[in-house]
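Take a look at the structure set out below.
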There are 2 protein chains.
Amino acid sequence: MYGYFYYLCAVMMDNKKIEKISRALSDASRITILQQFRKRNDCLYCAEVHDILDLTQPSVSHHLKQLVEAELLLPEKEGRNLKYILNEEVLSEYISSLNDLKGK
Amino acid sequence: MYGYFYYLCAVMMDNKKIEKISRALSDASRITILQQFRKRNDCLYCAEVHDILDLTQPSVSHHLKQLVEAELLLPEKEGRNLKYILNEEVLSEYISSLNDLKGK
DNA sequence: TTCAAATATTTAAATGTTTCGATGTTTTAA
DNA sequence: TTAAAACATCGAAACATTTAAATATTTGAA
């Protein structure tokens, strides 16, 4: 439907993106945040993250921002609350890129 | 043969390890190094890395050290040369840990 | 044994990251 | 409209990372 080039674009992740996602994953607090998605119902509220991590609100905000900028999390406003959804598509693309590093 | 606990140890990767590998992957030069393993014959020589990256020898040495400390690369001495082998097992465990972040 | 090649370590500068306190913005509820 | 709850941004301190120059170590060859 969209041709070969489009297909490649949808599948491949460039090195800048791999670097950015890796950096987002290179922090204990952010790994903990991502692990909460399995325990909760596939979404997480900003306030819940604050309860889980022993960090101030600005620090939590900073970590969530890194994850959003890496597109691992999708933010959704709900009134004055902020809900995050795990972006499984980006996570899968990242995993694919890592799989490509393996031979054959 | 080794029981349940041993099995878990072999499969699970703790958060400190995930953090360390992610950090090792969060640099353009180090991603480039890992990508060379598919192009070469599953092993890479230190000197080849120096040719590929536009960095001084100490910088190359630093990056290779990060990858070795994350156990993504296994170093093998060959006379005064150093050969690296991609540690596919660790890479696979890391990928499994990331897959576990996804729901169900 | 001595020299040169290959790699590692040390040091220091530049830059980036993490964290918190203070403050700003947006939104709901009184 | 005002107060307060939820989140973001700013500024600064502490710490970590990247890089290169200088130097050290290890090893093979002469």
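A note on names: the letters A, B, ... follow the listed sequences, proteins ahead of strands, and every chain is numbered from 1. Small disclaimer: the values here were computed from a predicted structure and weren't measured.
- Near DNA chain D, defined here as any heavy-atom distance below 4.0 Å, the residues from residues 71-85 of chain B are Lys77(B), Gly79(B), Arg80(B), listed numerically.
- Leu64(A) comes within 4.0 angstrom of no nucleic acid atom, judged by non-hydrogen atoms across all strands.
- Here the side chains of Leu34(B) and Leu73(B) are in contact, with some heavy-atom distance below 4.5 Å.
- Atom pair Glu48(B):CD and dA6(C):C1' shows a separation of 14 Å (rounding to whole Å applied).
- No engagement by His50(A) is indicated, since no non-hydrogen atom pair under 4.0 Å with the nucleic acid exists.
- Put simply, the side chain of Gln57(B) and the base of dA20(D) share no donor and acceptor less than 3.5 Å apart.
- Across the protein-nucleic acid pair, Asp54(A) atom CG and dT18(C) atom P stand 17 Å apart, rounded to whole Å.
- Between Lys20(B) and Glu71(B) there is no salt bridge, since no side-chain nitrogen of the basic residue lies less than 4.0 Å from a carboxylate oxygen of the acidic one.
- Nucleotide dA6(D) holds its P atom 21 Å from the NZ atom of Lys65(A), rounded to whole Å.
- At most 12 heavy atoms of other shown residues, nucleotides or ligands fall within 6.0 angstrom of atom CG in Asp54(B).
- One finds no side-chain N or O of His62(B) lying less than 4.0 angstrom from the OP1 or OP2 phosphate oxygen of dT7(C).
- Looking at heavy atoms from C-beta onward, Tyr94(A) lies in side-chain contact with Leu98(B) at the 4.5 angstrom threshold.
- Under the 3.5 Å distance criterion, with hydrogens and angles disregarded, no donor-acceptor pair is assigned to the side chains of Gln35(B) and Asp100(A).
- Regarding Leu53(A), its CG atom lies at a distance of 13 Å from the P atom of dC7(D), rounded to whole Å.
- With respect to Tyr45(A), the side-chain contact (heavy atoms from CB on, under 4.5 Å) criterion is satisfied by exactly one of Arg40(A), His50(A), Glu78(A): Glu78(A).
- Applying the 6.0 Å contact sphere to CG of Asp14(B) captures more than 12 heavy atoms from other residues, nucleotides or ligands.
- Residue Gln66(A) places its side chain closer to dT18(C) than to any other of dT18(C), dT19(D), dC7(D).
- Proximity of residues 15-37 of chain A to DNA chain C (heavy atom under 4.0 angstrom from any strand atom) is restricted to Arg23(A), Asp27(A), Arg30(A).
- In this model, the phosphate group of dA8(D) is approached by a side-chain N or O of Ser61(A) to a distance below 4.0 Å at OP1 or OP2.
- The phosphate of dA20(D) (OP1 or OP2) has a side-chain N or O of Ser59(B) nearer than 4.0 angstrom.
- Taking each heavy atom of Cys46(B) and Val60(B) in turn, the nearest pair found is O-CG1, 4.4 Å.
- Of the candidate nucleotides dT18(D), dC7(D), dC20(C), dT18(D) has the atom lying nearest to any side-chain atom of His63(B).
- Side-chain contact between Gln36(B) and Val49(B): absent, with no pair of heavy atoms (C-beta onward) separated by less than 4.5 Å.
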